[in-house]
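Inspection log for the structure reproduced underneath, given as structure tokens.
We name chains A, B, ... by the order of the sequence lines, and we start the count at 1 in each one. Just so you know, these numbers use all the heavy atoms, side chains as well, and skip hydrogens, waters and symmetry mates.
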4 protein chains.
Amino acid sequence: MSSTSTRPARARSAEEKHQRRYDILRAAERLWTAASYAELSMNQVAREAGLAKGTLYLYFDTKEELFLALLGEHLHRWIGATAELFTERRPRSPEQVAAVLLHHAEHLTPLRRLLVLLGTVLERNVRPELALEFRRDLDLQLRRLVAHMPYDPDTAMRVLRHLYAMTIGWQQLSESLPGSDPVTAQPRGPQDSGLYSEFELALRAILHQLTPSEPLAATAS
Amino acid sequence: MSSTSTRPARARSAEEKHQRRYDILRAAERLWTAASYAELSMNQVAREAGLAKGTLYLYFDTKEELFLALLGEHLHRWIGATAELFTERRPRSPEQVAAVLLHHAEHLTPLRRLLVLLGTVLERNVRPELALEFRRDLDLQLRRLVAHMPYDPDTAMRVLRHLYAMTIGWQQLSESLPGSDPVTAQPRGPQDSGLYSEFELALRAILHQLTPSEPLAATAS
Amino acid sequence: MSSTSTRPARARSAEEKHQRRYDILRAAERLWTAASYAELSMNQVAREAGLAKGTLYLYFDTKEELFLALLGEHLHRWIGATAELFTERRPRSPEQVAAVLLHHAEHLTPLRRLLVLLGTVLERNVRPELALEFRRDLDLQLRRLVAHMPYDPDTAMRVLRHLYAMTIGWQQLSESLPGSDPVTAQPRGPQDSGLYSEFELALRAILHQLTPSEPLAATAS
Amino acid sequence: MSSTSTRPARARSAEEKHQRRYDILRAAERLWTAASYAELSMNQVAREAGLAKGTLYLYFDTKEELFLALLGEHLHRWIGATAELFTERRPRSPEQVAAVLLHHAEHLTPLRRLLVLLGTVLERNVRPELALEFRRDLDLQLRRLVAHMPYDPDTAMRVLRHLYAMTIGWQQLSESLPGSDPVTAQPRGPQDSGLYSEFELALRAILHQLTPSEPLAATAS
DNA sequence: CATGAATGAGCCTTCATTCAT
DNA sequence: AATGAATGAAGGCTCATTCAT
């Protein structure tokens, strides 16, 4: 119910409909932060959005589609923000690149968990054409990000792939352990051996390995 | 039903019972490869094992216990095999250590997904004493493995943690892509840029980063 | 399905919902007449009510709650009707009191069996606050009834206790025999030696025993 | 397992078989004292008897048959003991008769609860010929008892019927209440208003009502 | 005769989805 | 467009009964 107090009873215009869809995704996101996919029922999402259960199905055909949309949104957001940061900072050294890639880490917790879902549950009960569209869109966005990175496209893509794998891996590791979020968690000093610094350290090691000491000139338009 | 065609109708001896338990775990494993925990019903496991639903409950008190046993098995197997390999080969360089750690990679595919479960679902509906026993056993085994590695215990544990995270991450990555298993998949030549070699490359980079150029003398007994 | 042929497909208004709840209770009651609690499945109740299994759970959280509601209903009904009858008739002699107590005997058949359940199964799987409310309500109603009886409260309560025990006992006896319901069954004449008259005779004997020849002035308000 | 330590591994002779059947009934009886019919599994009975589950089914076709046999036994025992007591004491007044009828009350708790079962669950899943036989045997025994009572047969049977109904009724009442066993419970003094004395009081009232002040001469052979 | 592993119908309950309103 | 009552497949689990040994 939170933060959607004033709102038209019915979404008539396209814009209102878009807004309603957005509200639903926000509700799902709020719950997603604290509960796993299986634990999270459509009923809860509906209640959180201040809507009836059936209404959700006007905007999303299945539960999976809802969460796939949520994933798309998060990816979009992160890629956009990171691309922008590359343009602003024009990082060169592996450390600098790592810093850029990790800058929006705090937004990543839900994203990482959604990515894990992608390989597990999502796309299972989704219209094939939607799945395909998702893949295409993701590809497009990644290409856009790659264009902003100070490496040749192949290398940049490899870097992203490593980032992706490590992100998921450390996320899962953190969930298997009593400790909390590996990425959001603040490093606690130079001698910190927490999960976050391990993750960062690994990312740096990879970047050193993958990229020549002197990166290409940035190709961002 | 698959591959358990000849078998006594009833498991009378302790050995037969052990075998039946083993069969059930194998059935669960086969299904587990293709479906997530929540998707996988005891009914399916029973059918796959060629047994009735109720029979499963003669061998495992709950669904969680069944999967905890599966996890235990996999851990035991991989740790044992890898520890042995350390003893045999006594690897020194990061490359050599990486090779040992990856040698039994094919065992890891289900293992890493089971490990994810551990922190999420397993141990929820399990007799407390069993959960405790599991934790203790895991701890013991890890210590045993660490003792065989050519690093001081803390470093060795960090290495394992990185291996674990990367393993999971690349697993998930591979599942999100048309390509197949990143670890099991055979490298396809010197210029292969498949997921496997990326995974390996990353592991090597980490090892280089984590370990001093000159490892300790191996401490394996 | 019986006797609920015309009915809205969905209960929208509060009244319709109340009616649906009522239908479910009636269905449960019809089955309850012929089967014990343990034998009676929610599936059967649903079928009898012409509803889907899940629908029952929209109206009752658990099986126990459903039957607790049924018991509450019966108690309420019998106590109310009997209290009213005391007010109307103001009986004095044991015979007159017995007549009042037995007047609504047809309501008692399911009631007494439900009462047995109360101490055995019900309240086991019921929200504590509901159980408490039930106890309070029952107490209140009994007090109300007692207030209408022409005896001091302790004696009145003893009378009710005897009525209760005898009611149950003769109920069971009748079920063990080819004959039908001992209480509902109509006496068949002055020389009738059926179960019903035995029951009535016993009740009268008890009343004579328990109550002084001259009852108190009725205290009904 | 209790008290059946030495016993042949297999019952070969008819006598041994009878003994084994007896052991099973004793085990069921021990458990029956503390648990309801539904709560009591055949597994438990088997364990208590120190036998395997399957063995029970060599002696009883169904769970119901087992408990029907138990009921038969208890009835037999009580009727026999009470008939004997009538012969010994030759009671005349209602109080004396009541005393005889209640003399073995402490043995009756399981019997009463079995009688309740009779009208509820037993005979449901029993071979019809067995049910018939049970009825016939019960009838026979009751006639035997009646012959020892100091009333004409019809009156005596009525008395027994009342005893039966009240027995069941007060049993059920006691189970619905926090208090304990109504009959076994010791009266606690002249002013005791416990369930037991109520039961006794009711029985006396009935006897007074049913029987002429001067009973017939006893007809016991 | 005895065993106890195996069976499978059945239990209560949940929840994504549908559809009458 | 919105609702939320209704659905019913599916879930984990139990236990009286069967049957291979």
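Between the P atom of F:dG12 and the CG atom of B:Leu122 lies a distance of 13 Å, rounded to the nearest Å. For C:Glu15 and E:dT21, the CD to P distance is 16 Å, given to the nearest whole Å. The separation between B:Arg127 atom CZ and F:dC13 atom P is 13 Å, rounded to whole Å. Taking atom CE on B:Met42 and atom C1' on E:dG8, their separation rounds to 15 Å, with Å as the unit. Put simply, CD on B:Gln44 is 10 Å from P on F:dA10, counting in whole angstrom units. With rounding to whole Å, C:Asp61 atom CG is found 8 Å from E:dT14 atom P. Summarising the geometry, the separation between CD on D:Glu16 and P on E:dA2 is reported as 9 Å, rounded to the nearest angstrom. Taking atom CZ of residue B:Arg47 and atom P of nucleotide E:dA6, one finds them 19 Å apart after rounding to whole Å.
Mapping B:Asn43 and D:Asn125 onto DNA chain F via the closest heavy atom, the residue that lands nearer the 5' end is B:Asn43. Across the interface with DNA chain E, nearest-nucleotide mapping of D:Leu51 and A:Lys53 shows D:Leu51 to be the residue nearer the 5′ end. Residues B:Gly54 and C:Pro8 each lie close to DNA chain E; by heavy-atom proximity, the contact nearer the 5' end of the strand is made by B:Gly54.
Two residues are said to be in side-chain contact when any heavy atoms from C-beta on lie closer than 4.5 Å; B:Trp32 and B:Leu114 meet this criterion. Put simply, the side chain of D:Leu71 does not reach to within 4.5 Å of the side chain of D:Leu117, judged on heavy atoms. At least one side-chain heavy atom of D:Phe60 sits under 4.5 Å from a side-chain heavy atom of D:Leu25. Considering only heavy atoms from C-beta on, D:Tyr37 stays 4.5 Å or farther from D:Arg113 through its side chain. Side-chain contact between B:Val126 and B:Phe134 is absent, with no heavy atoms from C-beta onward closer than 4.5 Å.
A donor-acceptor contact under 3.5 Å is not formed by the side chain of A:Lys63 with the base of E:dT17. Looking at C:Arg10, its side chain comes within 3.5 Å of the base of E:dC19 through a donor and an acceptor atom.
Picking from E:dC15, F:dA5, E:dC12 the nucleotide with the shortest atom distance to the side chain of C:Tyr59 gives F:dA5. The side chain of C:Glu64 sits closest to E:dT13 out of F:dA20, E:dT13, F:dT3. Set against F:dA2, F:dG11, E:dC11, the side chain of C:Ser41 has E:dC11 as its closest nucleotide. The side chain of C:Ala11 lies closest to F:dA5, out of E:dT13, E:dA5, F:dA5. Here E:dT18 is the nucleotide among E:dA6, E:dT18, E:dC11 with the atom lying nearest to any side-chain atom of A:Tyr57.
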>> What verdict does the side chain to side chain contact (heavy atoms under 4.5 Å, CB included) test give for A:Glu29 and A:Leu70, after you've listed the backbone C-alpha separation in whole Å, the side-chain angles of each residue and the deciding distance to 0.1 Å?
In response: CA-CA 7 Å; A:Glu29 189 173 35; A:Leu70 191 58; 4.0 Å; yes
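Using a 4.0 Å heavy-atom distance criterion, A:Leu66 is classed as making no nucleic acid contact. In this structure, C:Leu40 reaches the sugar-phosphate backbone alone: every heavy-atom distance under 4.0 Å involves primed, P, OP1 or OP2 atoms, never a base. As judged by a 4.0 angstrom heavy-atom cut-off over every strand, A:Arg12 is placed among residues making no nucleic acid contact. If you check every strand for non-hydrogen atoms under 4.0 Å, C:Thr55 touches a base. Across all strands, D:Phe60 comes closer than 4.0 Å to no nucleic acid atom at all (heavy-atom distances).
Pairing analysis of DNA chain E (Watson-Crick: purine N1 to pyrimidine N3 plus N6-O4 or O6-N4; G-U wobble: N1-O2 and O6-N3; both under 3.5 Å) yields stems of 3 or more pairs at E:2-21 with F:2-21.
Remark: of the listed residues B:Arg26, B:Gln19, B:Arg21, B:Gln19 is the sole one forming a side-chain hydrogen bond (donor to acceptor under 3.5 Å, both in side chains) with B:Asp23.
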